[in-house]
K.L.:
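Quick one: structure below, then a few questions.
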Amino acid sequence: MAELIVAFDMPSGRDALLLAARLPGLKWAKLGPVLFVREGPPVIKEFRQRGIQVFLDFKWHDIPTIVAKAVTAARELGVSMATVHCLGGRAMLGAAARAAGQDLALVGVTVLTSHDAAELESVLGRGVPDVGFEAERLARAAIQAGLRGVVASGQELGLLREALGPEPWIVVPGIRSNGEPAGDQMRTISPADAVRRGATHLVVGRPITGASDPAAAYRQLVEALG
Ligand code: C5P
């Protein structure tokens with residue numbers, strides 16, 4: 001069964017923890033720059049003490065030594081999942097995977113959901129006939145380097161599940177039920193479709209954190225994952 005990850009993209013640790021307390025059975029909290037840059041490691045500890053696993057989403061992309069040290073620090077803080085960017089290259093991915101060991105699941109971001117073919121062409125400096133092909137190429141590199149899985153939009157999900165086989169985790173953001181506002185997400189997918197196409201983890205932020213009744217929105221999603 002796919003697992004639900006709630007993205008706590010708010011500036012206050014206190015608000016994040018108050019919200020988490022309203023979501024019974026929550027297994028995963030995704031913490032990124034919005035919260036972590038303000039609150040730092042203590043907020044990770046607070047989530048851990050409540051039995052909630054932390055997914056630290058910084059999409060690291062730097063020289064191998066630096067990324068390996070960042071991954072080690074995350075592992076030592078008790079982080080259970082973290083992201084690196086596949087464009088960091090094979091040496092960086094390998095160093096990060098070795099630093100993660102068995103305790104931390106490292107997942108690779110392939111192509112940002114804010115990039116379309118034209119934007120990716122301007123970044124890479126060459127023609128990109130197919131974004132899916134680029135995502136698949138990078139995803140294979142991530143798994144070959146020893147990562148536990150990848151982050152993918154609903155659009156590439158089916159393609160990547162077929163290319164990678166059944167084992168790797170595929171973490172999917174941009175989850176929206178029918179009629180929910182997409183916000184700045186370009187490629188959205190419903191929870192049921194994401195599960196059907198092979199997602200192992202669904203990342204949901206604003207549909208829960210911005211709902212008038214976050215607990216009800218959370219409950220509905222848990223039920224949809226069944
Ligand atoms: O609020 P919403 O449900 O759109 O939140 C999506 C979360 O997933 C955000 O925390 C965002 O950083 C993250 N994410 C994403 N697209 C990616 C990788 C991560 O939207 N490619």
Side-chain angles (χ1 to χ4, degrees), residues 2-13 15-16 19-20 23 26 28-39 43-44 47 52-61 79-88 105-117 119-120 123 131-132 134-136 138-139 142 147-157 159-160 169-195 197 199-212 214 217-218 220-222 224-225:
E3 298 196 353
L4 180 61
I5 301 173
V6 175
F8 289 86
D9 293 317
M10 62 262 291
S12 153
D15 289 350
L19 175 59
L23 310 178
L26 179 65
W28 285 99
K30 187 173 87 74
L31 312 184
V34 178
L35 185 59
F36 189 83
V37 169
R38 286 183 189 275
E39 301 283 2
V43 76
I44 294 181
F47 273 98
I52 300 166
Q53 300 180 92
V54 172
F55 172 18
L56 194 61
D57 184 18
F58 273 92
K59 303 177 183 65
W60 284 311
H61 180 178
V79 167
S80 300
M81 190 183 337
T83 46
V84 290
H85 203 301
C86 295
L87 285 176
L106 207 57
V107 290
V109 173
T110 54
V111 177
L112 287 176
T113 44
S114 52
H115 282 176
D116 56 13
E119 183 71 4
L120 196 56
V123 170
V131 175
E134 292 297 327
E136 182 182 331
L138 292 165
L147 268 62
R148 185 76 57 87
V150 295
V151 181
S153 81
Q155 197 160 317
E156 290 96 40
L157 175 55
L159 179 77
L160 293 189
W169 289 7
I170 306 186
V171 179
V172 181
I175 303 293
R176 294 294 184 272
S177 301
N178 285 343
E180 275 174 352
D184 54 0
Q185 293 286 3
M186 305 289 244
R187 302 173 231 155
T188 63
I189 186 168
S190 74
D193 282 345
V195 172
R197 291 185 203 171
T200 54
H201 298 77
L202 274 54
V203 178
V204 182
R206 289 162 291 184
I208 292 174
T209 59
S212 53
Y218 169 78
Q220 268 175 19
L221 269 154
V222 171
L225 295 185

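The structure presented is a predicted model; accordingly, all values stated were derived computationally and were not measured. Order of appearance sets the numbers: ligands from 1, and atoms from 1 within every ligand.
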K.L.:
Indicate the atoms forming the closest heavy-atom contact of P191 with L221, along with that distance.
P.N.:
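Minimum heavy-atom contact is CG-CD2, 3.6 Å.
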K.L.:
Do K59 and L112 make a side-chain contact, defined as non-hydrogen atoms from C-beta onward lying under 4.5 Å apart?
P.N.:
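Yes, side chains in contact.
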K.L.:
Report yes if the side chains of D116 and V131 come closer than 4.5 Å at any heavy-atom pair, otherwise no.
P.N.:
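Side-chain contact under 4.5 Å: no.
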K.L.:
For a quick test of reading the model, state the closest non-hydrogen atom pair linking F58 to T83 and the distance between them.
P.N.:
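Between these two residues, the closest heavy atoms are N-OG1, 3.2 Å.
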K.L.:
Using every non-hydrogen atom in the two residues, find where H85 and V109 come nearest and quote the distance to one decimal.
P.N.:
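Residues H85 and V109, closest heavy atoms: ND1-O, 3.5 Å.
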K.L.:
How would you list, by chain and number, the residues with a heavy atom under 4.0 angstrom from ligand 1?
P.N.:
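Only A7, D9, K30, D57, K59, T113, P173, R176, Q185, V203, V204, G205, R206, P207 have heavy atoms that fall under 4.0 Å of ligand 1, ordered by chain and number.
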K.L.:
Taking all atoms of both residues into account, what is the closest heavy-atom pair of I175 and E180, and its distance?
P.N.:
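Nearest heavy atoms, I175 then E180: O-OE1, 4.4 Å.
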